[in-house]
Colleague: 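Dumping the structure here so I can ask a few things about it.
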Amino acid sequence: MTARRRLPSRPALWGGRLVALALAAFGAIAHARDFQVHDSTGAALGDAVVYLTPEDAGAPVTRAAPASIVQNHKMFMPLVTVVQKGAAVDFPNRDDIAHDVYSLSEAKRFELKLYRGRSRQVVFDKPGVVTIGCNIHDMMIAYVVVVDTPYFAKTGANGHGELPRLPAGRYRIAVWHPRLGNAPAVVVGTFRSPGEASASTAPSAPSTQPLLLTLPLHGG
């Protein structure tokens, strides 16, 4: 079966376009690893992807961890998956009906023709946002955000997330959320990390607040 159905592409944006993401940082931002993402109304955004790209040097070469997107009850789970470039993602079908999984996204075009009762695998080898659907069931949708850095995280339902430990250096911060649709992640700012403090210089109590990121989109 040929993949023909068009997947959703653009979100509802202020003024019909993406307004630059607002970055608000409180406390000693250079030490911050915890973060929170919310929209212009202050509502927390779950399933937001935040990733940091080193500016002082290239990202370290690390092995991309595999991931899995399950088909169950005519849904993809989870809705959003974030992986490093080169990661293999499994697509197990746990329904008792066949699915035809595909993507027309520039970052990864593929089609897994009708199958059930087993798993298929796709390697995501180019950074970008990949929108995934099913040719048989129009309501099924998922996103794979492929990043070229090991420093990334996804928010929970409360809009909070935690980045991995960062070496010293300057980093570019980018954010993506499903309400952006196929639009790429947007760079919201930079900050400098001092790296991990030594035991002799570490403060006796935390001195930072979460990094606060605002995505000025309207509509749900």
Side-chain angles (χ1 to χ4, degrees), residues 1-9 11 35 37 45-53 59-165 174-185:
M1 179 175 293
T2 302
R4 296 177 179 175
R5 183 170 62 84
R6 295 184 64 186
L7 294 171
S9 58
F35 65 89
V37 182
L45 292 177
D47 283 325
V49 173
V50 174
Y51 63 91
L52 276 59
T53 304
V61 177
T62 59
R63 186 172 183 177
S68 180
I69 300 175
V70 176
Q71 301 153 69
N72 197 14
H73 303 301
K74 297 181 182 178
M75 296 176 60
F76 289 117
M77 297 182 287
L79 171 66
V80 176
T81 300
V82 54
V83 297
Q84 277 186 261
K85 183 180 71 173
V89 177
D90 292 318
F91 290 86
N93 184 356
R94 295 180 182 170
D95 282 332
D96 58 4
I97 56 176
H99 293 299
D100 187 289
V101 180
Y102 78 101
S103 175
L104 300 178
S105 298
E106 181 180 350
K108 189 67 180 184
R109 295 176 182 265
F110 70 91
E111 182 179 11
L112 305 177
K113 294 185 180 294
L114 287 169
Y115 70 100
R116 63 178 176 179
R118 61 193 180 105
S119 182
R120 304 282 297 277
Q121 187 177 88
V122 176
V123 175
F124 290 82
D125 48 11
K126 181 179 179 181
V129 178
V130 181
T131 305
I132 295 168
C134 174
N135 261 318
I136 310 303
H137 307 101
D138 288 356
M139 79 293 289
M140 294 178 64
I141 189 168
Y143 300 95
V144 176
V145 182
V146 186
V147 300
D148 201 9
T149 173
Y151 310 122
F152 61 85
K154 186 178 75 171
T155 61
N158 61 0
H160 285 265
E162 183 176 348
L163 291 161
R165 295 181 182 275
V175 180
W176 182 89
H177 186 265
R179 282 162 59 181
L180 290 175
N182 286 332

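Source: prediction; values computed, not measured.
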Colleague: Please report the shortest heavy-atom distance between Val146 and Lys85, naming the atom on each side.
Modeller: CG1-CA, 3.6 Å
Colleague: Going through the checks in order, is the side chain to side chain contact (heavy atoms under 4.5 Å, CB included) test met by Glu162 and Phe35?
Modeller: CA-CA 6 Å; Glu162 183 176 348; Phe35 65 89; 5.6 Å; no
Colleague: Does the His177 side chain pair with the main chain of Gly46, one donor and one acceptor, at a distance under 3.5 Å?
Modeller: yes
Colleague: Between Lys108 (side chain only) and Val123 (backbone N and O only), is there a donor and an acceptor less than 3.5 Å apart?
Modeller: yes
Colleague: Is the backbone N or O of Ala183 less than 3.5 Å from a side-chain atom of Trp176, with the two atoms forming a donor-acceptor pair by type?
Modeller: yes
Colleague: Could you walk me through whether Met140 and Val101 pass side chain to side chain contact (heavy atoms under 4.5 Å, CB included), step by step?
Modeller: CA-CA 9 Å; Met140 294 178 64; Val101 180; 5.9 Å; no
Colleague: Can you tell me if Ser68 uses its side chain to pair, donor with acceptor, with the backbone of Val89 under 3.5 Å?
Modeller: no
Colleague: Got a second to check how far Arg118's CZ is from Asn93's CG, nearest 0.5 Å?
Modeller: 9.5 Å
Colleague: Give the C-alpha distance, both sets of side-chain angles, the deciding distance and a yes or no for salt bridge (Lys or Arg N to Asp or Glu O under 4.0 Å) between Lys154 and Asp47.
Modeller: CA-CA 6 Å; Lys154 186 178 75 171; Asp47 283 325; 3.6 Å; yes
Colleague: Would a 4.5 Å heavy-atom cut-off, applied to side chains only, mark Val80 and Pro178 as touching?
Modeller: yes
Colleague: So do the side chains of Arg120 and Tyr115 get within less than 4.5 Å of each other, counting heavy atoms only?
Modeller: yes
Colleague: Supply the atom-to-atom distance Asp95 CG to Gln71 CD, rounded to the nearest 0.5 angstrom.
Modeller: 7.0 Å
Colleague: Go through it in stages, so that I can follow the logic: the residues are Leu112 and Asp100, the test is side chain to side chain contact (heavy atoms under 4.5 Å, CB included), and I'd like the CA-CA distance, side-chain angles, deciding distance and then a yes or no.
Modeller: CA-CA 6 Å; Leu112 305 177; Asp100 187 289; over 6 Å; no
Colleague: I want to check something: taking the side chain as every heavy atom from C-beta on, are Pro150 and Pro164 in contact at a cut-off of under 4.5 Å?
Modeller: no
Colleague: Rounded to the nearest 0.5 Å, what separates atom CD1 in Ile132 from atom OH in Tyr143?
Modeller: 10.5 Å
Colleague: Is the side chain of Ser105 donor-acceptor paired with the backbone N or O of Ala107 at a distance under 3.5 Å, no angle test?
Modeller: no
Colleague: Hey, does the side chain of Thr149 reach the backbone of Thr53 with a donor-acceptor pair shorter than 3.5 angstrom?
Modeller: no
Colleague: Stepwise, does the side chain to side chain contact (heavy atoms under 4.5 Å, CB included) test hold for His99 with His137?
Modeller: CA-CA 8 Å; His99 293 299; His137 307 101; 3.0 Å; yes
Colleague: Quick one: does any side-chain atom of Thr81 pair with a main-chain N or O of Val144 as donor and acceptor, under 3.5 Å?
Modeller: no
Colleague: Parallel, tilted or perpendicular for Phe76 and Phe91, by the 30°/60° rule?
Modeller: perpendicular
